[in-house]
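Report on the following structure.
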Amino acid sequence: MPASKRDVLVTVGIGLAVGLFSGLFGVGGGVLAVPAMVGLLSIRQHQAHGTSLAAIVVTSAVSGLVYALRGDIDWRLTAGLLVGTVIGVSIGARLMAKIPAQTLRKLFAVALLLTGLRMLVG
């Protein structure tokens, strides 16, 4: 089924906001994209998470290239993060598939709140 003109505009708007905030602050696109897709596009919770992760592949590559060209990447730290991240994301993706959408939404909200509070309190 073709997307409506509104859905296309909303999707591009979400992408623009996610890209801007990811580039400025390094926030994961899912922080903005998942709630926006669920709320504005009525995408299922699990599908929003998967869609966000698929989009992050390209956006991370582009952003990483820009930062690399500026010399703003610690490659040794990156290598260590990749080891843990690949293992963690594999486990997390398998767990997500087993969690009901409502529970996943609540866990996601709690994670965002705790992250925000941690940043505010320092």
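One is the number of the first residue; the rest follow in order along the sequence.
Residues satisfying the side chain to side chain contact (heavy atoms under 4.5 Å, CB included) test with Val10, not counting sequence neighbours, are Arg6, Ile14, Leu40, Leu41.
Grouped with Leu69 in one hydrophobic cluster are Leu65, the linkage being side-chain heavy-atom contacts under 4.5 Å among Ile, Leu, Val, Met, Phe, Trp and Tyr residues. Summarising the hydrophobic clusters (Ile, Leu, Val, Met, Phe, Trp, Tyr; side-chain heavy atoms under 4.5 Å, direct or chained), the residues clustered with Leu120 are none.
Put simply, the side chain of Thr59 gets close to the backbone of Ile56: a donor and an acceptor are under 3.5 Å apart. Formation of a donor-acceptor pair under 3.5 Å by the Ser52 side chain with backbone atoms of Ala48 is not found in this model.
Between Leu9 and Val12, the closest side-chain pair of non-hydrogen atoms is not below 4.5 Å.
Residue Leu32 holds its CG atom at 9.0 Å from CG of Leu112, rounded to the nearest 0.5 Å.
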Name every donor-acceptor pair, under 3.5 Å, that has one atom in a side chain of residues 86-106 and the other anywhere in the protein, sequence neighbours excluded.
{"residue": "Ser90", "atom": "OG", "partner": "Val86", "partner atom": "O", "Å": "2.8"}
{"residue": "Arg94", "atom": "NH1", "partner": "Ser90", "partner atom": "O", "Å": "3.3"}
{"residue": "Arg105", "atom": "NE", "partner": "Gln45", "partner atom": "OE1", "Å": "2.9"}
{"residue": "Arg105", "atom": "NH2", "partner": "Gln45", "partner atom": "OE1", "Å": "3.3"}

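Within the structure, side-chain hydrogen bond (donor to acceptor under 3.5 Å, both in side chains) pairs that include any residue of residues 67-81 comprise Arg70-Asp72 (at least two apart or interchain). Residue pairs meeting the ring pair (Phe, Tyr, Trp, His ring centres under 6.0 Å) criterion with at least one partner in residues 87-116, sequence neighbours excluded, are His49-Phe108.
Cluster membership for Val58 and Val18, using ILVMFWY side-chain heavy atoms within less than 4.5 angstrom, is not shared.
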